[in-house]
Chemist: 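Before I ask anything, let me first share the structure, which is written out below as structure tokens.
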2 protein chains.
Amino acid sequence: MTAHKDDARRNKQADGSRAERPADPLMVLSVEKAFRVLESFDPTHASMSLSQVASVAGLDKSAAQRFTHTLEKLGYLRKDPVSKHFEMTTRALKLGHNFTRANPLIERAAPYLMHLSKTTEETINLTVRDDTEIVFVLRFLSRQVLNPDVTIGTRMPAYCTAPGIAMLSRMRPEDARRILERTDLRAYTPDTTWQIDTLMEKIALSAARGYATAFEEFYHGDLSIAAAAVTSRQEPACAVNIAVSRARYTRQDAEKRFSSLVVAAARSISQGLPQPHG
Amino acid sequence: MTAHKDDARRNKQADGSRAERPADPLMVLSVEKAFRVLESFDPTHASMSLSQVASVAGLDKSAAQRFTHTLEKLGYLRKDPVSKHFEMTTRALKLGHNFTRANPLIERAAPYLMHLSKTTEETINLTVRDDTEIVFVLRFLSRQVLNPDVTIGTRMPAYCTAPGIAMLSRMRPEDARRILERTDLRAYTPDTTWQIDTLMEKIALSAARGYATAFEEFYHGDLSIAAAAVTSRQEPACAVNIAVSRARYTRQDAEKRFSSLVVAAARSISQGLPQPHG
DNA sequence: GCTCTTGTATCGGATCGTAATACTCTTTAT
DNA sequence: ATAAAGAGTATTACGATCCGATACAAGAGC
């Protein structure tokens, strides 16, 4: 026991060349840096030179060199031989694709969403929650797409979306509140519900009704009705929602017409949902 | 089993003190292993224990421990606290999502595909080529989906798909042939064109027509018509295709009705296509 | 031409990761 | 019950791997 020599190992010399590490001996820092590089390639940095990568990822030139080289060899980046700029390859789609195909939740939910899509001819989404956000994992577009920028993998704050509220409404209120408390709550539109107490009321109402609505709380013109599917322990697993345009429905019409459909779909999905382990 | 690659790649210091095979000094092997772990989580291995990860990824227990720990800390894996099994998180979608959003090709093509989707009400795809394969990068489903298993990120052999042939037909024939030569050519269905010479004829015909067809060459019942978009250097950049079911169209009808549409869409996409650098 | 910036190659040495081992727990068999 | 086996977790000494400084090469702009 004790620790005699090993802290000598991770304490650098006193001349402080480096801040001390959290000392997580299992953490492989190279991997973290590699992902920092890969994740630098966002929509605003689609194509980057070596030095851009270095500055965006916060690495020095040597590290940028090594990690871009490594990622290129692994097939995740390609370098244009003339401009020397790097960009992502289709390889990046593979992980997401694997996730989608491997996820039993999605496999199970897909047929019900497709059915909804066919019968309503509106946009149908399946989302899961990741802490304070929801993530779109499956999407069936209608002919008149509202927001083409929303694709699989898109994230939004849970509190101002119908699926987010639907999932929060299936949790214990104190847990839901804790999530809201660590969210950056703001009014994206004039209609955004963004105060904790009001949100808790909205959550309670949604719990009672069995579905949630979000009318232009994040995007203008977007009317969304959602219901959450739950595991056998009554924990929210995912949510299905229908999104329609204000141009074609009033809020009341949309709610009246679609709420029972999403509730039914969510209930179907719930039954026989794979367990998060037993 | 045991070690296979390290000796081949790296000469210990058998004789001369100088390593004659410097291997690849810029390659960071930890990163490669991390991706081996992540990519182990495919549809047949959605949820794995530590030792399963070790065996599937080909690592020893310690390495599996370190990399699962690292990936968990980075948010790509989560471990069920009771079953101790690992699975992927929605984080995996982020890279693919970034790729989609960052790719100017996709941004540019999306509106044309959407237009096609609306006017035809059939399934529309955008694909790019990655060596011998095509990869689906954007997809608009019709009401009657043929193959729900095909999602963004799905790959197919180029030679037996309409988009693949369409792109090959815009290359120099000798380059196209070289790609075919390194493909594992096989007859997936009785209708698969799989002999090099026949394929080259098919490619030549497609080049002359400006579009390609694949009738049940990979999936039964799947009739597909595609055209390639080209860069200003006349290099194929991507392909757009329409896929319909044999149940609702004859081959002739499908070809007659849709070929001009995909050709027009591909031409529109081609104009002002971002350069692979200038 | 020259300078300045950016990409590429090299290399010694310390850091960081490796792999062996030991320790808990849980599961299974006797 | 109890033991034995197996799996997951924690720890540590060692040394190969990776780090990062530096030098070199190649363009770009003046």
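Numbered from 1 within each chain, the chains take letters A, B, ... in sequence-line order. Values below: all heavy atoms of this structure, side chains included; hydrogens, waters and symmetry mates excluded. Please read these numbers as outputs of a predicted model, since none were measured by experiment.
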Chemist: Quiz question: by atom type and distance under 3.5 Å, do the side chains of R139(B) and T154(B) form a donor-acceptor pair?
Modeler: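 No, no side-chain donor-acceptor pair sits under 3.5 Å.
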Chemist: Rounded off to whole Å, could you give me the NE2-to-P distance for the H69(B) and dA7(D) pair?
Modeler: 22 Å
Chemist: Output the rounded distance in Å from CD (Q65(A)) to C1' (dT8(C)).
Modeler: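 The distance from CD of Q65(A) to C1' of dT8(C) comes to 6 Å, rounded to the nearest Å.
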Chemist: Under the rule for ring pair (Phe, Tyr, Trp, His ring centres under 6.0 Å), what residues qualify as partners of F41(A), not counting sequence neighbours?
Modeler: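 With sequence neighbours excluded, F41(A) shows a ring pair (Phe, Tyr, Trp, His ring centres under 6.0 Å) to no residue whatsoever.
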Chemist: Check this for me: does any side-chain nitrogen of one of R129(A) and E235(A) sit under 4.0 Å from a carboxylate oxygen of the other?
Modeler: no
Chemist: From CD of E72(A) over to C1' of dT8(C), roughly how many Å is that when rounded to an integer?
Modeler: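 Going from E72(A) (CD) to dT8(C) (C1'), I get 13 Å.
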Chemist: Grab the CG-C1' distance between D80(B) and dG8(D) for me, whole Å please.
Modeler: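 These atoms are roughly 14 Å apart.
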Chemist: Taking the six-membered ring where the residue is Trp, are the ring centres of F67(B) and F35(B) under 6.0 Å apart?
Modeler: no
Chemist: Rounded to the nearest Å, what distance is computed from the CD atom of residue E32(A) to the C1' atom of nucleotide dC16(C)?
Modeler: 14 Å
Chemist: Would you kindly compare V31(B) and S51(B) by the position of their nearest DNA chain D nucleotide and give the one closer to the 5′ end?
Modeler: S51(B)
Chemist: Do L74(B) and M27(A) have side-chain heavy atoms sitting under 4.5 Å apart?
Modeler: yes
Chemist: K84(B) side chain: which of dG7(C), dT10(C), dT9(D) is closest?
Modeler: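 Closest of the options to the side chain of K84(B): dT9(D).
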Chemist: If you assign each of F86(A) and F67(B) to its closest nucleotide in DNA chain C, which residue comes earlier from the 5' end?
Modeler: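 The 5'-side residue here is F86(A).
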Chemist: Measure from CG on L50(B) to C1' on dT9(D) and round the result to the nearest Å.
Modeler: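 Computing the L50(B):CG to dT9(D):C1' distance gives 9 Å.
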Chemist: With a cut-off of less than 4.0 Å, is there a side-chain N or O of S30(A) near OP1 or OP2 of dT17(D)?
Modeler: no
Chemist: Looking at E174(A) and R178(A), is any side-chain nitrogen of the basic one under 4.0 Å from a carboxylate oxygen of the acidic one?
Modeler: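 Looking at R178(A) and E174(A), the cut-off is not met.
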Chemist: With 3.5 Å as the limit, what N/O pairs link the protein to nucleotides 23-30 of chain D?
Modeler:
none

Chemist: Test of understanding: with side-chain hydrogen bond (donor to acceptor under 3.5 Å, both in side chains), list the residues that count as partners of K61(B), not counting sequence neighbours.
Modeler: none
Chemist: Relative to the 5' end of DNA chain C, which residue comes earlier, L26(A) or Q52(A), by the nucleotide with the nearest heavy atom?
Modeler: Q52(A)
Chemist: In whole angstrom, what separates M27(B)'s CE from dG17(C)'s C1'?
Modeler: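 For the pair M27(B) CE and dG17(C) C1', the rounded distance is 16 Å.
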Chemist: Can you tell which of dT8(C), dG20(D), dG17(C) lies closest to the side chain of K79(A)?
Modeler: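 Side chain of K79(A) sits closest to dT8(C).
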Chemist: Any idea which of dG20(D), dG17(C), dA20(C) is nearest the S62(A) side chain?
Modeler: dG20(D)
